[in-house]
Amino acid sequence: MINYGCWKAERQLPGTGNAAWRQALRDLSRPLFVVDVGGMPGVVQDGIATLSAQSTGDPDTYPLLGWLPVFSPASLGDPGFKADHGLKFAYICGAMANGITSTAMVEAAGRAGMIGFFGAGGLSIDQIEAAIDTLQAHLGNIPHGFNLIHSPNDMALEQKTVDLYIAKGVRLVSASAYLDLTTPLVQFRLHGIHRDAEGRIVCPNRIIAKVSREEVARKFFSPPAEKHLQRLLENGNITAEQAELARKIPMAQDLTAEADSGGHTDNRPALCLFPTLTALRDEIAAQHAFDVPLRVGLAGGIATPESAAAAFAMGAAWILTGSINQSCVEADTSPLVKKMLAGARQADITMAPAADMFEMGVKVQVLKRGTMFSMRGAKLYEIYRTYDRFDEVPQDQRKLVEGSFLKCTFEQEWANTRTFFMQRDPSQVERAEKDPKHQMALVFRSYLGRASLWAKHGAADRAIDYQIWCGPAMGAFNEWVHGSYLEAPEKRTTIGLAMNLLYGAAVMTRLAGLKNQGIRIPSIHGLLAPASEEDIQRLMVS
């Protein structure tokens, strides 16, 4: 070990036991000094340290082996990201669809100095508008945002959502599940773009994209494609001057690398995905020389202090959580679902067909334990791929689908589905009545879509069909908090989880700092145990 100088006591003498190390590393509010105590590393948080190659000769001093400054959860992440978005903490509560990331969750995150995105995916325009009105009334200018999910089978809904966001003055969206950029998304980004008095380009509307593919990330980090600009010009949504300004800005300055997450996911390993997207960021920044820095955060699998610390250590500008928030008291889902999530382990997840991209074969990651949704969804997709109309399906399979999945005849379910789409998008009905395969797809999508609502509302007679979006993070979180007060779903709050992750990540970062100084740290029991509710409150105001 290297001797950096000396340390002299004031009120406290160094300790060498587990308790001393645990207390010092968990106390982020004071600097930490490691000294040589009879050949063993001792730790203390008080006294005077002198950095010098020469010994003072004072018998009351100890050789200084290492030190750490004051560090807090607010120290983590990219300072520019936090400043630009008006945040204290580099933390995002991801937008779980069907309003599961509720207005209450978004409000809690905003008031704590984080960002929450309302889960607008899967909701009607009226429901989204009600959420906007609620959050704007409660939060005002406190940071918050709304989800904009790619809807390849319902572009009319995507356009209506963008029109609503623009009309309501929504300035920040989380763009998710995009396979390619769309004209409505570009319209949102460019609304109100102009030059200020100093000639700088000002783009009031911001996008934090969430992507798992390099080719999609490239499009978000680049200026919008000409085809979208031309459509917006033709429709009168932008001026020629605004189109020219658009060619000088990225579609998204901020991009979340989405690794192995719940819901829409490509199951990408974070250790591979994140470096790839940061390298892409640097390439595009050099290519376009934007006036603003491009930034990358990380999501997917973040549920423990170790995973949060690893994300920040890799250079993540922020972290985003999703699955674990679904088990919180503010999540707008049923108590039964929260109980199921709280009992999940990392192996209790699987992939299932996505309702919104069913025909494309896109899948979402869901909870497997306690539900048959994944198997039933896979069966429906197999039938869809094999047959051109439901009448062609063998009798035994028809009986299974109608009796166990739909709980009515296919014709009855089509009548219900038809009524829904006549209000939502009549063109789908027109196409389905000419194309029996499309009719079959709409009926199957109806089952898949309602499965998430059955879970949200806790439909007792449909528990076996619950679609619960969930990634391996949920299991990792449950294993971490086992035996603590956070084991019970009724004790899990959005901010309690967030602050415990950030606090634990800060502790891990301090620990890594000492190891990087060549200090052999003793085994420390309970170092990453969740902090008490009282300690969390103190951390938030420190």
Side-chain angles (χ1 to χ4, degrees), residues 93-109 116-132 134-135 146-147 149 151 154 157 161 174 176-177 261-265 321-344 348-350 352-356 358 364-374 376-377 405-407 416-417 420 424 444-471 473-474 489-490 492-494 497:
C93 291
M96 295 176 289
N98 286 336
I100 294 173
T101 299
S102 63
T103 55
M105 185 175 288
V106 173
E107 183 172 351
F117 284 97
F118 177 75
L123 299 183
S124 69
I125 292 297
D126 289 343
Q127 290 172 308
I128 300 172
E129 184 173 11
I132 295 173
T134 296
L135 287 170
F146 297 82
N147 185 226
I149 193 167
S151 304
D154 196 351
L157 177 63
T161 305
S174 169
S176 60
S261 65
H264 288 284
T265 183
T321 59
S323 295
I324 61 173
N325 300 329
Q326 197 172 183
S327 66
C328 291
V329 295
E330 299 95 342
D332 190 8
T333 192
S334 64
L336 178 55
V337 164
K338 293 176 184 180
K339 183 178 179 180
M340 293 169 69
L341 287 166
D348 293 335
I349 59 169
T350 190
D356 55 348
F358 176 75
V364 290
Q365 191 157 222
V366 298
L367 184 66
K368 176 175 61 175
R369 183 181 184 185
T371 170
M372 295 183 66
F373 171 78
S374 60
R376 291 183 170 184
F405 299 10
L406 304 180
K407 296 188 182 296
N416 295 332
T417 303
F420 172 82
R424 179 84 164 254
F444 291 173
R445 283 170 54 191
S446 174
Y447 165 81
L448 298 174
R450 286 182 297 146
S452 62
L453 296 177
W454 294 328
K456 176 180 174 177
H457 299 307
D461 62 334
R462 281 292 195 168
I464 202 70
D465 294 295
Y466 284 1
Q467 177 182 192
I468 304 170
W469 300 303
C470 179
M474 192 73 253
E490 58 270 20
R492 298 181 180 184
T493 65
T494 303
L497 267 60

To check you understand the geometry: which heavy-atom pair defines the closest contact between [X] and [Y], and what is its length?
| X | Y | result |
| --- | --- | --- |
| Leu336 | Ala463 | CD2-CB, 4.5 Å |
| Ser374 | Pro353 | O-CD, 4.5 Å |
| Gln326 | Ile468 | OE1-CG2, 3.9 Å |
| Leu448 | Phe358 | CD1-CD1, 3.4 Å |
| Asp348 | Gly343 | OD2-O, 4.2 Å |
| Ala355 | Gly449 | CB-N, 3.7 Å |

To the nearest 0.5 Å, what is the distance between [atom1] ([X]) and [atom2] ([Y])?
| X | Y | atom1 | atom2 | answer |
| --- | --- | --- | --- | --- |
| Phe405 | Asp465 | CZ | CG | 8.0 Å |
| Glu107 | Ser102 | CD | OG | 9.5 Å |
| Leu123 | Phe118 | CG | CZ | 5.0 Å |
| Thr493 | Met105 | OG1 | CE | 9.5 Å |

key: Between Ser176 and Asn147: side-chain donor-acceptor atoms closer than 3.5 Å   =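 There is such a pair between these side chains.
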Exercise: do Thr265 and Gln365 side chains pair donor with acceptor under 3.5 Å =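 There is no such pair between these side chains.
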ask   = Should the heavy atoms of other residues, nucleotides or ligands under 6.0 Å from NZ of Lys339 be counted, would the total exceed 12?
value =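 No, NZ of Lys339 has 12 or fewer neighbouring heavy atoms, counting only those of other groups under 6.0 Å.
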With the side chain counted from C-beta on, respond yes when [X] and [Y] share a heavy-atom pair under 4.5 Å apart, and no when they do not.
| X | Y | answer |
| --- | --- | --- |
| Met474 | Leu367 | no |
| Asn98 | Trp469 | yes |
| Ile132 | Phe146 | yes |
| His264 | Ile149 | yes |
| Ile324 | Leu341 | no |
| Asn416 | Ser446 | no |
| Thr371 | Trp454 | no |

Strictly distance-based, threshold 3.5 Å: is any side-chain N or O of [X] a donor or acceptor partner for the main-chain N or O of [Y]?
| X | Y | value |
| --- | --- | --- |
| Thr101 | Met96 | yes |
| Ser334 | His457 | no |
| Thr333 | Ile100 | no |
| Arg492 | Lys338 | no |
| Ser452 | Gln467 | no |

task = Look at the rings of Tyr447 and Phe373 and say which category their plane angle falls in: under 30° parallel, 30 to 60° tilted, over 60° perpendicular.
result =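 Rings of Tyr447 and Phe373: parallel, under 30°.
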message = If the condition is ring-ring contact (aromatic ring centres under 6.0 Å, His included), which residues does Phe444 pass it with, not counting sequence neighbours?
response =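 For Phe444 there are no ring-ring contact (aromatic ring centres under 6.0 Å, His included) partners, ignoring immediate neighbours.
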task = Could you check Asp461 against Lys407 for side-chain contact (heavy atoms from CB on, under 4.5 Å), going step by step and ending with a plain yes or no?
result = CA-CA 11 Å; Asp461 62 334; Lys407 296 188 182 296; 5.6 Å; no
key: Verdict with reasoning, Ile125 to Leu157, per side-chain contact (heavy atoms from CB on, under 4.5 Å)   = CA-CA 8 Å; Ile125 292 297; Leu157 177 63; 4.0 Å; yes
query = Please walk me through it: do Ile349 and Val366 pass side-chain contact (heavy atoms from CB on, under 4.5 Å)?
reply = CA-CA 6 Å; Ile349 59 169; Val366 298; over 6 Å; no
